Amino acid sequence: MSPSVHVDESKASLSADRQAPTPAAWLDFCRRNPAACRPSEWPGASLALSEAVLAAIRTVNAEVNATITPATDRELYGEAEHWTLPSAGRGDCEDVALLKRERLMALGIPSSVLLLTIVRDRQGAGHAVLTVVTYRGDFILDNQTDAVTPWYETGHRFLMRQSRTDPHRWQALGNARSVAAGRHVVRLTDDVLARNAAAMPVEDTILVPVDGRAS
């Protein structure tokens, strides 16, 4: 069953047109949390967007938004930028995006489709969101809203995000492009999603190449 979301396929996916500097705060986060920053075993993949997967993504977005009270890095750590998983139920937009990334990875979604993304929000302020790269385009998880929408419906100006092939490479974002599937489409079964385990065994993920033949 196709998920109940409309996607304009003429602009469904963001276009990464050139390399961008890797944020120092990301490198510092990875130094402190190396396990969270390992390259994915499925670089360049896209996520199959079933009803169950979309529901899980929406649930994680809403639950994390409801759980984390906004607080600046200056308030919490005395620093201008300090990316980390939220502590004591408080954190800024990067912390919230990192927690959503962790929760979705725990459901078995590979990190290569969960990309930290830097934008200018509707007020022109610097902001971070989580992009989920799917076979039907790029969807955004944002601590400013519980809605999970295609990127072009957010009202944000997209600046840069992690590479789909290497989490330590970042890319500047340019014009939209039509949906282009990754080298593999990652499909998650409903029972895997239901586990909500710390990590999903490799054998529980089915990789399907774009031509539709199982591998």
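All values reported here derive from a predicted model rather than from experimental measurement.
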[atom1]/[X] to [atom2]/[Y] distance, rounded to the nearest 0.5 angstrom?
X      : Y      : atom1 : atom2 : answer
Arg101 : Leu114 : CZ    : CG    : 7.0 Å
Met160 : Leu14  : CE    : CG    : 14.0 Å
Gln19  : Ser163 : CD    : OG    : 8.5 Å
Thr72  : Glu81  : OG1   : CD    : 10.0 Å
Asp146 : Asn65  : CG    : CG    : 5.0 Å
Ser111 : Glu41  : OG    : CD    : 9.5 Å

What are the two closest heavy atoms between [X] and [Y], and how far apart are they?
X      : Y      : result
Gln162 : Pro167 : NE2-O, 3.2 Å
Asp92  : Glu94  : OD2-OE1, 2.8 Å
Val53  : Ser50  : N-OG, 3.1 Å
Ala56  : Leu107 : CB-CD1, 3.9 Å
Ile118 : Ala128 : CD1-CB, 4.1 Å
Gly137 : Ser13  : CA-OG, 3.6 Å

*Regarding Arg164 and Ser40, is there a side-chain donor-to-acceptor distance under 3.5 Å anywhere?*
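Absent: no donor and acceptor within the cut-off.
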
Does any non-hydrogen side-chain atom of [Y] lie less than 4.5 Å from one of [X]?
X      : Y      : answer
Ile57  : Leu47  : yes
Leu173 : Thr117 : yes
Leu99  : Val60  : no
Arg58  : Leu54  : yes
Trp151 : Thr131 : no
Leu98  : Thr84  : no
Leu141 : Leu104 : yes
Arg161 : Asp138 : yes

*Could you tell me how the ring of His156 sits relative to the ring of His127: parallel (under 30°), tilted (30 to 60°) or perpendicular (over 60°)?*
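Rings of His156 and His127: perpendicular, as their planes differ by over 60°.
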
*Classify the angle between the aromatic ring planes of His168 and Trp26 as parallel (below 30°), tilted (30 to 60°) or perpendicular (above 60°).*
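Rings of His168 and Trp26: tilted, as their planes differ by 30° to 60°.
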
_If you apply the rule side-chain contact (heavy atoms from CB on, under 4.5 Å), what do you find for Gln144 with Asp121, and how did you get there?_
CA-CA 9 Å; Gln144 295 182 354; Asp121 67 13; 3.1 Å; yes

*Inspect the surroundings of CZ in Arg32 and state if more than 12 heavy atoms from other residues, nucleotides or ligands are less than 6.0 Å away.*
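Yes, because the 6.0 Å sphere around CZ of Arg32 holds more than 12 heavy atoms from other groups.
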
_Using the rule given for side-chain contact (heavy atoms from CB on, under 4.5 Å), can you reason through His82 versus Asp28, listing the C-alpha separation, both sets of side-chain angles and the distance that settles it, and then say yes or no?_
CA-CA 8 Å; His82 183 84; Asp28 181 60; 4.2 Å; yes

*Group every Ile, Leu, Val, Met, Phe, Trp and Tyr by side-chain heavy-atom contacts under 4.5 Å, then state whether Leu85 and Val64 land in the same group.*
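Per the 4.5 Å side-chain linkage, Leu85 and Val64 are co-clustered.
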
*According to a 4.5 Å side-chain heavy-atom criterion applied to Ile, Leu, Val, Met, Phe, Trp and Tyr, with indirect links allowed, do Ile68 and Tyr77 form part of one hydrophobic cluster?*
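Different clusters.
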
*Is the backbone N or O of Asp73 less than 3.5 Å from a side-chain atom of Glu79, with the two atoms forming a donor-acceptor pair by type?*
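No: the side chain of Glu79 does not pair with the backbone of Asp73.
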
*Decide yes or no on side-chain contact (heavy atoms from CB on, under 4.5 Å) for Phe158 and Ile140, but give the supporting numbers first.*
CA-CA 11 Å; Phe158 286 75; Ile140 304 302; 3.7 Å; yes

*asked:* With side-chain hydrogen bond (donor to acceptor under 3.5 Å, both in side chains) as the test, pick out the partner of Lys100 among Asn143, Asp95, Asn61.
replied: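 Single pass found, and it is Asn61.
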
*Can you sort out the partners of Arg38 under salt bridge (charged side-chain N to carboxylate O under 4.0 Å, His left out), two or more places apart, ordered by chain and number?*
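With sequence neighbours excluded, Arg38 shows a salt bridge (charged side-chain N to carboxylate O under 4.0 Å, His left out) to no residue whatsoever.
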
*Carefully, step by step, assess Thr149 and Thr154 under the rule side-chain contact (heavy atoms from CB on, under 4.5 Å).*
CA-CA 7 Å; Thr149 62; Thr154 63; 3.7 Å; yes

